[in-house]
Protein chains: 2
Amino acid sequence: MDTHKSTLEEVAAAAGVSKMTVSRALRGAPDVSRATRDRVLQAAERLNYIGNRLALSLSSQRTDLVAVVVPSMSNIVFPEVMAGISNGLEGSGMQAVFGITDYDVAKEHNIIRDMLSWRPSAIIVTGLDQPDETVRMLRNAAIPVIQIMDLDGTPIDFNVGLSHERAGEEMARALIAAGRKRFGYVGSALDRDLRAGKRRAGFERVLHEHRLAFVGQRLGDTLSSVGLGKYLTHQLLDAEPKLDCIYYSNDDMAAGGAFATMEASRTDDILIAGFNGLELAAALPVRIATSRSPRRMIGEVAARLARGSGTTDNPSSGKITAFVPEITGVA
Amino acid sequence: MDTHKSTLEEVAAAAGVSKMTVSRALRGAPDVSRATRDRVLQAAERLNYIGNRLALSLSSQRTDLVAVVVPSMSNIVFPEVMAGISNGLEGSGMQAVFGITDYDVAKEHNIIRDMLSWRPSAIIVTGLDQPDETVRMLRNAAIPVIQIMDLDGTPIDFNVGLSHERAGEEMARALIAAGRKRFGYVGSALDRDLRAGKRRAGFERVLHEHRLAFVGQRLGDTLSSVGLGKYLTHQLLDAEPKLDCIYYSNDDMAAGGAFATMEASRTDDILIAGFNGLELAAALPVRIATSRSPRRMIGEVAARLARGSGTTDNPSSGKITAFVPEITGVA
DNA sequence: TTTGTTACCGATACCGGTATCGATAACACA
DNA sequence: TGTGTTATCGATACCGGTATCGGTAACAAA
């Protein structure tokens, strides 16, 4: 019935008490008699009262907000991380607020600034490659900073993720051990997706150690996608018919590669290798190699760290949580 | 250097002016001389001042927040909608806040309640099937309520989406027109994903009109996924060898179906039909039928409506934005 | 009857900004 | 010299809650 508003004051008037008593009753504080508590609750119900968190947070100096900054939404990986965070926060009374940077450093800076203006209790950001200015801002916020996904670099505070350089290395080692010799590479936008670039660098380093190199490669400049992976793979197969293995920037691209090899009837002699361990990769009609990144787990661990914001934190321990991706589909 | 805090008051002290002047200078208000403006800006810079939106919003009675409530994150569809919203909000100074309900009605109610306590300028919720209690709460919020994705029902206020019943009907009509006769169905969790249920109902209605029915079906009870679609399809193919078309609850399941038919060498006589028009569906090595849902566009339109919150809105026009999904891959 | 204790409740001062109105100084003009 | 005007700034009152402290009533104990 009543249109919007309704403040503590109004509920107080309706219940015939002071707003302080209403505040206590609604929060379940002990210093309220059963009788008045019931009156207050009824009045609040009747007026459709909904608390004002702006006032609450400003007054109590706690927001119970967790800012989360991710680069993209168009790949299922980050939504899964966000779901993990959301899940890990459940029951804590904390709320995640998300920001998307589109892999843009300047945008990231502004988004982080905007997020900090909400005075979150903790902030989760993707990667370790923020520019100095952004790092300074994060340091200055005096809240737990949790950098996720990547481990290759110097963390500001907490760090949860995996080494992408090492993931690339391990994949190369596994493929070489399995007898692969003529490698190709397909990826896209490595200048923006720095983690994909690190994987490629690690992979290539191991190739060099074994006196090998990418025989051929195709790089796109748009966001990675299944269709792009398929398209570039067809190109690469035409240009380099003798490849026996192609490494991709991620599983989406790799799935496209798998489709391309199927269409070219090359599934028997070419092994497709990706990264992430997507559900899709496991369901493909052909086996592809991939490293499973614990995306959801990373989100949950990050959430757990964020929850610890208010509690007693052991300052120096557990700052870094390292995961080692499991490689599957090679042999 | 300086650890956290720093308020307007402190910047004011540092600049030798009142906090009101700092407030004006930082917002670019006209009543400030160039000289003091510069002094203030420098002081703010030096102290690493970051505004407090809690105070700002409480004081000005505007949050510029858009609450967004979606059921899931584990399917790329909703992240794409969210990306569309985020994109559509760009440059407006508004910020989206997301909540995930996991297709749980009770959870949805609580999440909406929590969101409203932040006093958003508008709220975007998925679907039209909220229980009365939730509808009352939304009505009472006295802000624009934008229900997205679905059109089959009675909207509270704004409505942006498509009719899923009709989408199912149209797909059935197209498939029948293309000569398909023996239909199967594969889906999952239709009791929670109501829109998938509506599509199925619409599809089945048209089958009946043509004196047809699903010859066989498999229903999972977990969330839809490529693997599940593949698994259920294999089961269905074993049980009903004579199908010539299978309708799926969505494209993820359908992709799994496509893989199953490939593995069973049945790609020539069975047509796979899904819903969403995912990028993946177009890249598959076999053609599948699908209806393209304008997910990103829905998000952008919703964002545009949310932006209009503060401006002069023509109350009765443009309340409903209907999209008609385009069917591809049938013939 | 006096004194203590406990249970319950209200008054007041913030939290960190913005809106509003008024004050002051400088300058132009009569 | 007196009077407006304009530019620039500050004082004050909120916004809607919570923290803190103090007050009152009821009851038990002395």
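Each chain gets a letter, A, B and so on, in the order the sequences are listed, and its residues count up from 1. Small disclaimer: the values here were computed from a predicted structure and weren't measured.
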Can you tell me how far [atom2] of [N] sits from [atom1] of [X], to the nearest Å?
X: A/M20; N: D/dG17; atom1: CE; atom2: C1'; value: 9 Å
X: B/R53; N: D/dC15; atom1: CZ; atom2: C1'; value: 16 Å
X: A/L116; N: C/dG16; atom1: CG; atom2: C1'; value: 17 Å
X: B/N52; N: C/dC15; atom1: CG; atom2: C1'; value: 8 Å
X: B/E9; N: C/dT18; atom1: CD; atom2: C1'; value: 14 Å
X: A/R62; N: D/dA19; atom1: CZ; atom2: P; value: 8 Å
X: A/I50; N: D/dG17; atom1: CD1; atom2: C1'; value: 15 Å
X: A/E10; N: D/dC15; atom1: CD; atom2: C1'; value: 13 Å

Original post:
Is it the case that A/S23 and A/R27 place a side-chain donor and acceptor less than 3.5 Å from each other?
Top reply: yes
Does [X] have a side-chain nitrogen or oxygen under 4.0 Å from the phosphate oxygens OP1 or OP2 of [N]?
X: A/Y49; N: D/dG16; value: no
X: B/S59; N: C/dT18; value: no
X: A/S33; N: C/dC9; value: yes
X: B/T36; N: D/dC9; value: yes
X: A/Q61; N: C/dC14; value: no

Ionic contact status for [Y] with [X], cut-off 4.0 Å:
X: B/E108; Y: B/R113; value: no
X: A/R295; Y: A/E80; value: yes
X: B/R34; Y: B/D38; value: yes
X: A/R304; Y: A/E300; value: no

Original post:
Below 4.5 Å, heavy atoms only, C-beta onward: do B/M115 and A/Q95 meet side chain to side chain?
Top reply: yes
Original post:
Quick one: does A/N140's side chain have a donor or acceptor within less than 3.5 Å of a partner on B/Y49's backbone?
Top reply: no
Original post:
Which residues in residues 21-32 of chain B have at least one heavy atom lying under 4.0 Å from any atom of DNA chain C?
Top reply: B/S23, B/R24, B/R27
Original post:
Any donor-acceptor pair under 3.5 Å between the side chain of B/K19 and the base of D/dG10?
Top reply: no
**OP:** Would you kindly compare B/R37 and A/G51 by the position of their nearest DNA chain D nucleotide and give the one closer to the 5′ end?
**Re:** B/R37
